[in-house]
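Numbers here are sequence positions counted from 1.
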Amino acid sequence: MSAPGASRFTPDWLALRESADAAARAPELLDPLRTYLATVPRRTERLVIRDLGCGTGSLGRWLAGRLRGPQHWILHDRDPELLARAGAGMTGTAADGSPVTVETREGDLTGLLAADLAGTSLVTASALLDLLTFDEVDGLAAACAEAGCPALLTLSVVGRVEFVPADPLDLEVAAAFDAHQRRGVSGRRLLGPDAVTVATEAFERRGAVVRSRPSPWRLGADQAALTAEWLQGWAAAAFDQRPDLALQADAYLRGRLDACSAGELRVLVHHRDLLALPPAGPSS
């Protein structure tokens, strides 16, 4: 997920960000994905789609109705509460009215192998890559390549945030947040804003055709609640990374939150979406 702190995995946070996520995802990647899925032979008549780190299922709700034909979604997450919500909230029909069915799988998703993807038509994930390590992303690319499975990986942060109006401290806080995200937890050095570059290289090394497109959050007065929640977590992580900024932290965050509540703050949080198609797919 793109927001720091413990709240990033709660149902409330995921519900708060769902509309911004839906508006941000890059629709330009859907046509090449649809073409690939329509032209590559499948073992079953329905698409089998695995959503890794599904949260409450927002990506499935966004994507299922944009793909044609019967679909079976397998939702993966470590959190049983999120899985229950995702399974209950999944859409029931595809773009052409075909049925969409769902099952849930609880457990760690970072060690998936090609054998686990047997029969899978598509691997998806949202706001996940930046929370993985180099080895985990490389392993995911290897599993997809060996299984001949495409991947649509959306909403990965890229280390750029723009504010209107700007503040002199913006760039320092953003850099501190990026450093905090890379340091990870429990000995896991996370990729953070380097994730899209690492993933692109990992898939391309294995012959995949990779496309990526920007998918920024565009936060304004109509997203004030999300902006305020994101700001607090983003700034807290940054100032944890840079204690030397503590004397300026309160005034900076208070000013940003006041502008947000007044409807005067606009924020562009940059992400990228990535589509990796096996070499058997259409060329770019």
Side-chain angles (χ1 to χ4, degrees), residues 1-9 13-14 16-26 55 58 125-132 153-185 189-200 212-274:
M1 302 294 169
S2 302
S7 66
R8 65 187 173 191
F9 300 122
W13 164 250
L14 297 178
L16 191 61
R17 65 175 286 168
E18 183 164 351
S19 64
D21 286 350
R25 291 191 180 97
S58 65
S126 182
L128 176 69
L129 283 182
D130 42 87
L131 297 176
L132 301 181
L153 308 169
T154 69
L155 293 174
S156 297
V157 296
V158 294
R160 289 180 58 210
V161 178
E162 299 176 48
F163 292 91
V164 177
D167 183 281
L169 206 58
D170 288 341
L171 292 178
E172 279 194 86
V173 178
F177 170 74
D178 291 343
H180 185 277
Q181 195 180 36
R182 288 186 180 102
R183 82 184 190 185
V185 292
R189 182 173 176 79
L190 307 184
L191 289 173
D194 306 318
V196 172
T197 298
V198 169
T200 298
S212 70
R213 295 292 185 274
S215 52
W217 273 358
R218 300 179 186 275
L219 305 181
D222 59 335
Q223 293 280 7
L226 172 61
T227 306
E229 185 72 18
W230 171 82
L231 265 171
Q232 292 177 80
W234 180 77
F239 294 131
D240 179 64
Q241 180 71 21
R242 288 279 308 275
D244 57 300
L245 296 176
L247 292 178
Q248 303 167 77
D250 288 345
Y252 174 82
L253 182 57
R254 184 170 59 252
R256 283 306 190 203
L257 290 173
D258 287 348
C260 177
S261 63
E264 298 169 353
L265 183 67
R266 286 179 289 151
V267 188
L268 200 64
V269 184
H270 290 270
H271 306 88
R272 284 192 79 84
D273 291 0
L274 179 153

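In terms of heavy-atom proximity, Ala238 sits nearest to Ala176 at O-CB, 3.5 Å. Here the closest heavy-atom approach between residue Ala174 and residue Trp234 is recorded as CA-CZ2, 3.5 Å. Residues Gln241 and His180 share a closest heavy-atom pair of OE1-CA, 3.4 Å. Here the closest non-hydrogen pair linking Ala224 and Cys260 is O-SG, 3.4 Å. The minimum heavy-atom distance linking Pro193 with Val158 is given by the pair CB-C, 3.5 Å. When every heavy atom of Pro216 is checked against every heavy atom of Ala24, the shortest pair comes out as O-CB, 3.2 Å.
Under the salt bridge (Lys or Arg N to Asp or Glu O under 4.0 Å) criterion, no residue pair touches residues 213-225, with sequence neighbours excluded.
Interatomic distance, CG of Asp130 versus CD of Gln181, reported as 5.0 Å (0.5 Å rounding). The distance from atom CD of Glu162 to atom CG of Leu171, rounded to the nearest 0.5 Å, is 10.0 Å. With rounding to the nearest 0.5 angstrom, the CD atom of Glu18 is 12.5 Å from the CH2 atom of Trp13. With rounding to the nearest 0.5 Å, the separation of CG in Leu245 from CG in Asp250 is 12.0 Å. With values rounded to the nearest 0.5 angstrom, Asp194 atom CG is found 8.5 Å from Arg189 atom CZ.
Contact check for Leu129 versus Leu191: no side-chain heavy atoms found under the 4.5 Å cut-off. Annotation: side chain of His271 is not in contact with side chain of Ser156 (no heavy-atom distance under 4.5 Å). Residues Arg183 and Asp240 are in side-chain contact: their nearest non-hydrogen atoms beyond the backbone lie under 4.5 Å apart.
Between Phe239 and Tyr252, the two ring planes are perpendicular [angle over 60°; tilted spans 30° to 60°].
Distance alone, capped at 3.5 Å, is enough to place a donor-acceptor pair between the Gln232 side chain and the Ala228 backbone. At distances below 3.5 Å, not a single donor-acceptor pair connects side-chain atoms of Arg160 with backbone N or O atoms of His270. Between the Thr154 side chain and the Leu274 main chain, no donor and acceptor come within less than 3.5 Å of each other.
Residues meeting the side-chain contact (heavy atoms from CB on, under 4.5 Å) test with Val267, sequence neighbours left out: Val161, Phe163, Leu219, Thr227, Trp230, Leu265, Val269. For Arg256, the salt bridge (charged side-chain N to carboxylate O under 4.0 Å, His left out) partners are Asp170, not counting sequence neighbours.
When the shell of 6.0 Å around CZ of Arg266 is examined, it contains 12 or fewer heavy atoms from other residues, nucleotides or ligands.
A donor and an acceptor atom, one from each side chain of Arg17 and Ser58, are nowhere located under 3.5 Å apart.
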Might you work through the salt bridge (charged side-chain N to carboxylate O under 4.0 Å, His left out) test for Arg25 and Asp273, ending with a clear yes or no?
-> CA-CA 7 Å; Arg25 291 191 180 97; Asp273 291 0; 5.7 Å; no
